[in-house]
Undergrad: 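Have a look at this one.
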Amino acid sequence: MGNVFWAVDRALGGERRPTSGQKWAARRPVAAGLLLAVPFTLLFLALSSEGGAVGAALAVLGGLVMGVLFALAATAERLRQRRLKRRGLWDGS
């Protein structure tokens with residue numbers, strides 16, 4: 001099962017050098033999560049049909065969930081970059 005995962009990862013470009021955005025997000029996963037949580041919160045506020053505090057609370061909760069998901073994705077990118085360094089496929093520059 002593990003070999004299948006890594007084969008699919010290679011086929012999807014998992015061994016390519018990270019872009020500058022991926023490097024930034026991997027260095028700052030919390031900041032990446034916050035940077036993307038704020039626009040999602042504003043979007044949810046704009047689309048909210050609920051008025052008042054309930055709509056605002058749901059929008060903030062939705063933004064928080066999106067921020068956590070993006071922070072987890074940035075942390076996974078950090079682990080991918082660490083793996084690339086360990087395997088000698090990338091020098092970290």
Side-chain angles (χ1 to χ4, degrees):
M1 184 71 139
N3 291 335
V4 173
F5 172 79
W6 292 118
V8 170
D9 182 58
R10 271 191 307 278
L12 295 175
E15 292 186 350
R16 284 186 292 185
R17 296 173 58 91
T19 64
S20 60
Q22 288 172 324
K23 288 185 228 179
W24 184 88
R27 280 189 228 118
R28 302 167 188 86
V30 173
L34 284 174
L35 186 67
L36 291 164
V38 171
F40 272 102
T41 301
L42 294 175
L43 174 70
F44 294 151
L45 272 174
L47 297 176
S48 175
S49 63
E50 297 278 333
V54 174
L58 288 175
V60 169
L61 181 64
L64 179 65
V65 167
M66 293 305 293
V68 168
L69 289 175
F70 280 113
L72 289 173
T75 303
E77 176 61 26
R78 175 184 279 190
L79 295 174
R80 182 184 82 90
Q81 290 178 18
R82 188 178 297 162
R83 181 174 176 269
L84 289 176
K85 284 182 192 177
R86 188 177 63 240
R87 294 191 65 214
L89 298 172
W90 178 51
D91 59 2
S93 62

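Residue numbers start at 1 and run along the sequence shown. Since this is a predicted model, take the numbers as computed values, not measurements.
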Undergrad: Going from CZ on Arg16 to CG on Leu89, what distance comes out if it is rounded to the nearest 0.5 angstrom?
TA: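 It is 13.0 Å, given to the nearest 0.5 Å.
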
Undergrad: Looking only at atom types and distance, does a side-chain atom of Gln81 sit under 3.5 Å from a main-chain N or O of Gln22, one as donor and one as acceptor?
TA: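 Flag set: sc Gln81 to bb Gln22 pair under 3.5 Å.
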
Undergrad: Is it the case that one hydrophobic cluster holds both Leu64 and Val30, taking links as side-chain heavy atoms less than 4.5 Å apart, direct or via other members?
TA: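 No, Leu64 does not connect to Val30 through the hydrophobic network.
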
Undergrad: Is it true that atom CG of Asn3 has more than 12 heavy atoms of other residues, nucleotides or ligands lying nearer than 6.0 Å?
TA: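 It does not: Asn3 CG has 12 such atoms or fewer within range.
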
Undergrad: Measuring from Leu79:CG to Leu84:CG, what's the distance to the nearest 0.5 Å?
TA: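 If we round to the nearest 0.5 Å, Leu79:CG and Leu84:CG are 11.0 Å apart.
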
Undergrad: Looking only at non-hydrogen atoms, find the nearest pair between Lys85 and Gly92 and report the distance.
TA: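 What the structure gives for the nearest pair is CE-CA, 3.6 Å.
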
Undergrad: How about CZ on Arg82, more than 12 heavy atoms from neighbouring residues, nucleotides or ligands closer than 6.0 Å, or not?
TA: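 No, not enclosed.
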
Undergrad: Which atom pair, heavy atoms only, marks the closest approach of Ala31 to Trp24?
TA: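 Closest pair (atom of Ala31, atom of Trp24, distance): CB-CH2, 4.1 Å.
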
Undergrad: Could you grab the distance from atom OG of Ser93 to atom NZ of Lys23, nearest 0.5 Å is fine?
TA: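 Going from OG on Ser93 over to NZ on Lys23, the span is 5.5 Å.
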
Undergrad: Looking at Leu45 and Gly55, what are the two nearest heavy atoms and their distance?
TA: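 Minimum heavy-atom separation between Leu45 and Gly55: CD2-O, 4.4 Å.
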
Undergrad: Is there a continuous path of hydrophobic side-chain contacts, each under 4.5 Å between heavy atoms, that joins Phe40 to Val65?
TA: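 Same hydrophobic cluster.
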
Undergrad: What are the two closest non-hydrogen atoms of Ala37 and Gly63, and how far apart are they?
TA: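 Nearest heavy atoms, Ala37 then Gly63: CB-O, 3.3 Å.
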
Undergrad: In Å, rounded to the nearest 0.5 Å, how long is the span from CD of Glu77 to CZ of Phe70?
TA: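 One finds 13.5 Å between CD of Glu77 and CZ of Phe70.
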
Undergrad: What's the spacing between Arg28 CZ and Arg78 CZ if we round to 0.5 Å?
TA: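 The distance works out to 10.0 Å.
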
Undergrad: Specify the closest pair of heavy atoms between Ala25 and Ala74, including all atoms of both residues, with the distance to one decimal.
TA: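 Of all heavy-atom pairs spanning Ala25 and Ala74, the closest is O-CB, 3.5 Å.
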
Undergrad: Where do Arg83 and Asp9 land on the side-chain contact (heavy atoms from CB on, under 4.5 Å) test, with the steps shown first?
TA: CA-CA 12 Å; Arg83 181 174 176 269; Asp9 182 58; 4.1 Å; yes

Undergrad: Any side-chain heavy atom of Pro18 sitting closer than 4.5 Å to one from Arg80?
TA: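 When only atoms from C-beta onward are counted, Arg80 and Pro18 do touch, with a gap below 4.5 Å.
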
Undergrad: Supply the atom-to-atom distance Leu34 CG to Thr41 OG1, rounded to the nearest 0.5 angstrom.
TA: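 Answer for the CG-OG1 pair, Leu34 versus Thr41, is 9.5 Å.
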
